[in-house]
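Data block below; observations after.
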Amino acid sequence: MSDKLRDFEMYEMQETFDTLYANSKNGDNFKKLYPIIKSRNNILLAYRRIRNNSGRDTVGVDGKNINELNELTDDELVEMVQGKLAKYQPQAVRRVYIPKGNGKLRPLGIPTISDRLVQQCIMQVLSPIYEAKFYEHSYGFRDNRNASHALSRLVSLINVGKQYFCVSIDIKGFFDNVNHDKLKRQLWSSGIRDKQVLSLISKMLDAPVEGEGVQNKGVPQGGILSPLLANIYLDELDKWVASQWVDFPSSYKSTVNFLNLKARNTNLKSGYIVRYADDFKIMCRTYDHAIRFYHAICDFLKHRLKLDVSEEKCSVVDMREKSVEFLGFKIKVIPKGGTRYGYVAKTDISDGAITRIKKESRDIIKRIRYSSDSPESAIHYNSYVQGVKSYYQYATNVASNLSSILIYRTIKSRLSDRGEWGTYQTLDADYKKRNVGMKPNTQILKITDTPLETLYAIRTKKPMNFSQGINLYTKSGRELLNKKSKTEAIPSAYITYIHRNRSRSNNRVDFRDNRISKYVAQRGKCGVLGVRFHPAEMDCHHRIQRIDGGTDEFKNLVWVSHDIHILIHATDSTTINAYKLKLNMTKKQIDTLNKLRNLVSNSPIM
DNA sequence: AATCTTAATAC
RNA sequence: AUUGUAUUAAGAUU
């Protein structure tokens, strides 16, 4: 099960979200969202969802990060957020410029940590509503969907749909130019009719940018809600493109998918949109339709969505003649098997991405050269290789593209004296599975026993179309998702029990979260006895006590039975003997018990 | 089995 | 110095 669903369940929000989704599918308007947003469980869930964000240590304009929030008890956290929501006045967003892939700078707008928490509360509630509405071929920033699904759709349109003309449009600084009034109207017309919620979002959009003041357009890149708002904004584009052909109610259109034989006699234009955030393509059957779409979309963006396009980066191409770039891939349409019987898509890693991979992989190899004798730098290289391969494995030409990087030479010349060489055939099955198609006697370098992964040893994988039934907010949608995982390790009633019962009211939010994670990780078993108990019969023990500087971190906690908990802290010999007799522990159990006793400065028991 | 952290890609 | 959403994998721990 995904982390997300587990968290929804843990905080008893799944049913609420399911209802929002169902009502949204039904076309209902939403007038009472605010009570859900400010509900205790929604706020605690929001904290749980953002506390592991990679930016948790990054401060906003107030100089605060996640540490500010985990100082609070859960009651204080809930009270703080509810107080903020009641008279919402977001703080300024911090301006940071980061380099983009193409050498330009990306302006980030980083809200303060408490504003990020508030945004998460709202996002959780809007997400199920919009998942029910969004166009099926929008793939960016959405649950369970990724770039390979977008690529797959594009390839299907070519191979199955025989759409060889591609319209590419580049929106100028999309995030920074989203029109606030337009966005607010879209929220209203898509059924968000709760005045308090609309006002919250409105105030959020009006949050000043550090040093630049209040903006009348744009959503901050760095805001938690921003990706969702971006999709809401461009959903109108998806639907409009679909209305031109796919959803056009007409007898001129063949019921057979992709066929448009009769369309040439009408003003209809046939085309199919594939969108990943602000990057999208329209695939058409003919050049004429493609050109018409190109002009119509530029006009639509300009007048309906108030967005400019950079014309020099736009194009209409016959993909049989010229390749097109999309999501880091370079796609061309070539004759199938060299015959006249048709065409297929051929995909490569884009030139820019190859250059980046070349540079980055060499840099990491050099770092291994100058690092101390430990596997860490080699593990870093391996996960880099793993990451690159798992993303680009969907390019039909991936093996030859990655071979062209010639990293093997760099490894040989830079690292020969830093590790030991062994043959491929001596390595374990997992390695062979990750690095396929190598000759058994190929020499592989091992850095302190960690064999380096091979960049080019890869077989291309066919991208799969997104299975449209998959969804986090319906039972059937979740079942499709859960195919891989089997029985539930812990009854959800146990989790709910822990969640509801707070042993001490001064517990911090992190303790609440981590003790649940820990109970599930231990599969409900006592850390000493190894036997499962109901949480009511157990205590969550701090290995290092809080008075001694112990934290609420996951690794400092352990669940033990009541009896064991007493034994950890007992100093009186009659108590110790009584419980020893009662529990009749094995030597191994006594050893683990003594380790815990040692951490609280108690002498071991025999 | 499960949790955590850390590495990658897209936008 | 690096936010956010989504996806993927590895490592560590029990």
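Residue numbering restarts at 1 for every chain, and letters A, B, ... go by the order of the sequence lines.
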State plainly whether the residues [X] and [Y] are in salt-bridge range, i.e. N to O under 4.0 Å.
X	Y	result
Asp428(A)	Lys432(A)	no
Lys217(A)	Asp176(A)	no
Asp591(A)	Lys595(A)	no
Lys133(A)	Asp235(A)	no

Roughly how far apart, to the nearest Å, are U3(C) and dC4(B) at atom C1'? 23 Å
5′-ward residue of the pair Phe326(A)/Asn52(A) relative to DNA chain B: Asn52(A)
Between Asp278(A) and Arg48(A), name the one whose nearest nucleotide on DNA chain B is closer to the 5' end. Arg48(A)
Can you tell me whether the side chain of Tyr276(A) and the base of dA10(B) have a donor-acceptor pair closer than 3.5 Å? yes
Whole Å only: how far is the [atom1] atom of [X] from the [atom2] atom of [N]?
X	N	atom1	atom2	value
Gln393(A)	A9(C)	CD	P	9 Å
Asn144(A)	A6(C)	CG	C1'	9 Å
Arg106(A)	dA10(B)	CZ	C1'	10 Å
Asp170(A)	dC11(B)	CG	P	11 Å
Lys389(A)	A10(C)	NZ	P	11 Å
Lys555(A)	dT6(B)	NZ	P	10 Å
Tyr494(A)	dA1(B)	OH	C1'	17 Å

Side chain of [X] - closest among [options]:
X	options	result
Tyr392(A)	U3(C), dA10(B), U2(C)	dA10(B)
Arg6(A)	dT3(B), dA8(B), A6(C)	dT3(B)
Val96(A)	dT5(B), A1(C), dA7(B)	A1(C)
Ala521(A)	dA10(B), dT3(B), G11(C)	dT3(B)
Arg523(A)	G4(C), dC4(B), dA1(B)	dA1(B)
Val520(A)	A10(C), U2(C), dA2(B)	dA2(B)
Gln120(A)	dA8(B), U3(C), U5(C)	U5(C)
Pro99(A)	G4(C), dA8(B), U2(C)	U2(C)
Ala277(A)	U3(C), dT5(B), dC11(B)	dC11(B)
Tyr391(A)	dA8(B), dC4(B), dA10(B)	dA10(B)

For a quick check of understanding: with a heavy-atom distance under 4.0 Å over all strands, which category does Asn231(A) fall into, base, sugar-phosphate or nothing? nothing
Relative to Phe554(A), does Lys518(A) satisfy both conditions: NZ or CZ under 6.0 angstrom from the six-membered ring centre, and within 45 degrees of the ring's axis? yes
Want to settle it: does Gly387(A) or Ile98(A) sit nearer the 5' end of RNA chain C, counting the closest nucleotide to each? Ile98(A)
Going through the distances and angles, do Arg51(A) and Asn514(A) end up as a side-chain hydrogen bond (donor to acceptor under 3.5 Å, both in side chains)? CA-CA 11 Å; Arg51(A) 68 182 198 135; Asn514(A) 288 331; 3.0 Å; yes
